[in-house]
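Following: one structure in structure tokens, then a few remarks.
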Amino acid sequence: MNVQVRLFAAARQAAGRDRLELELPDGATIGQLRRRLGEELPGFSGLIARAMFAVDMQYALDAQQIPVGAEVALIPPVSGG
Amino acid sequence: MNVQVRLFAAARQAAGRDRLELELPDGATIGQLRRRLGEELPGFSGLIARAMFAVDMQYALDAQQIPVGAEVALIPPVSGG
Amino acid sequence: MIRLTHDPIDPATVIQAVCASAAGAVVLFLGTVREKTGRRITSSLEYECYAEMAEKKLAELEAEGRARWPLVECMIVHRLGHLEVGQTSVAIAVSSAHRRPAFECGQWLIDRIKEVVPIWKKENYADGTSDWVHADPGNPIRGEEM
Amino acid sequence: MIRLTHDPIDPATVIQAVCASAAGAVVLFLGTVREKTGRRITSSLEYECYAEMAEKKLAELEAEGRARWPLVECMIVHRLGHLEVGQTSVAIAVSSAHRRPAFECGQWLIDRIKEVVPIWKKENYADGTSDWVHADPGNPIRGEEM
């Protein structure tokens with residue numbers, strides 16, 4: 001399946017764009033996406049390892065499967081406030 | 001000695017003025033002043049019993065002697081803020 | 001900085017007084033005149049104080065707050081005289097590099113003001129009666145050592 | 001009430017939004033841009049966010065705050081874009097009948113905002129370098145159950 005991942009802050013800057021399109025097996029999990037992104041953005045594996053992911057604007061665990069058509073976002077440790 | 005006691009809030013209103021002049025024995029204590037004021041303002045003995053006193057703008061215990069010429073004030077329980 | 005005033009308190013001015021480039025956090029507390037206390041409806045308040053001692057006590061509290069927490073700035077303003085419902089009776093602004101000291105000191109200051117500063121309020125109720133508000137007999141202050 | 005804005009935050013407007021005759025206490029927290037962090041001198045900040053999710057998370061925090069404390073009103077405003085030293089990045093105002101809930105909820109809201117709301121800041125330092133600030137790996141959030 002095709003997954004679009006929104007990127008923010010340091011990850012967006014590392015990728016040079018604000019979303020990344022990836023091809024993943026149907027029923028892939030957030031954990032699989034995390035590993036795959038580490039390959040796509042080499043040099044940012046540390047950030048990606050400690051980032052969270054959001055699926056449809058809810059924080060998601062690595063075990064969670066990504067539904068087809070979901071909005072997925074890579075959420076580096078936040079620093080608002 | 002002559003002691004002037006400043007009055008505030010309910011005590012001021014009860015006395016109808018903002019200070020009271022009393023004659024007390026030399027070396028009288030705050031405790032003696034407290035009893036004497038209870039007689040001067042009958043009907044307000046409850047308030048006077050739980051009020052504090054300040055001597056020269058410092059809270060004072062009943063055992064403290066009143067120095068000649070000190071500024072003495074009856075401080076009903078405060079309600080600022 | 002401390003101030004007793006008969007004029008309305010402008011929160012923006014109090015905030016401005018504690019803003020500084022060393023501050024990352026500002027906490028402002030406002031006490032405002034509430035319409036209801038229990039079942040009674042308040043129409044207005046009168047604040048009276050023992051001015052010289054109130055200023056001395058407020059300055060002591062500011063100094064103690066600055067000694068206990070790493071503050072950047074601190075300002076306390078207390079209103080006196082006649083206040084309508086919704087008006088501000090007290091404003092406390094504290095700034096610090098990080099947020100924890102500003103919150104802790106702000107809360108400590110209003111707690112202590114209500115315990116030791118010689119200021120009194122009279123509530124004027126909508127039914128035409130009025131009462132001096134005096135804290136209950138459990139008030140713990142007994143002598144300057146408190 | 002929640003708001004994300006690229007315009008400067010006016011604290012007076014935020015206070016006004018939570019004032020009400022049922023409120024006896026207002027607590028306002030301002031996060032402001034500090035000049036120094038450790039030994040580094042900050043010249044400006046950039047705030048970026050995941051807007052739709054940040055609004056959702058802020059609304060959830062406001063709802064949880066209202067469920068946990070007896071609030072009268074609550075307003076949270078977060079600034080985005082370019083900020084100079086001294087400017088306000090976040091304003092949280094909470095009003096309640098008594099002061100304790102306003103202090104507790106205000107402090108809880110800023111703590112939680114810094115943990116869960118997808119907003120990021122980039123520090124531009126006086127030496128010409130800049131860094132995205134990302135909380136340390138000890139960040140406890142793992143999955144929505146947090």
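Quick note on labels: first sequence line is chain A, next is B, and so on, each numbered from 1.
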What are the two closest non-hydrogen atoms of [X] and [Y], and how far apart are they?
| X | Y | value |
| --- | --- | --- |
| C:Ser89 | B:Gly81 | OG-O, 3.2 Å |
| C:Lys57 | B:Met57 | CE-O, 4.2 Å |
| C:Val116 | B:Val78 | N-CG2, 4.2 Å |

Got B:Leu47 and C:Trp132 here, is their nearest side-chain heavy-atom distance under 4.5 Å?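 Contact flag for B:Leu47/C:Trp132 side chains = no.
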For B:Gln13, is it the side chain, the backbone, both, or neither that has a heavy atom closer than 4.5 Å to a heavy atom of chain C? side chain
With a 4.5 angstrom heavy-atom cut-off, is it the side chain or the backbone of [X] that approaches chain B, or both, or neither?
| X | value |
| --- | --- |
| C:Lys121 | both |
| C:Glu48 | side chain |
| C:Trp120 | both |
| C:Tyr50 | both |

Could you go step by step and tell me if B:Glu71 and C:Met53 meet the side-chain contact (heavy atoms from CB on, under 4.5 Å) rule? CA-CA 11 Å; B:Glu71 171 157 306; C:Met53 184 171 169; over 6 Å; no
C:Glu64 atom CD, neighbour heavy-atom count above 12 within 6.0 Å: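 Buried by this count: over 12 neighbours within 6.0 Å.
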Tell me, yes or no, whether the heavy-atom count around C:Arg3 atom CZ, taken from other residues, nucleotides or ligands under 6.0 Å, exceeds 12.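 Atom CZ in C:Arg3 is not crowded, with 12 or fewer foreign heavy atoms closer than 6.0 Å.
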Using only atom types and a distance under 3.5 Å, with no angle test, would you say the side chain of C:His134 pairs donor to acceptor with the backbone of B:Pro76? no
Among C:Ile119, C:Leu45, C:Val133, find the one that has a side chain to side chain contact (heavy atoms under 4.5 Å, CB included) with B:Ser79. C:Val133
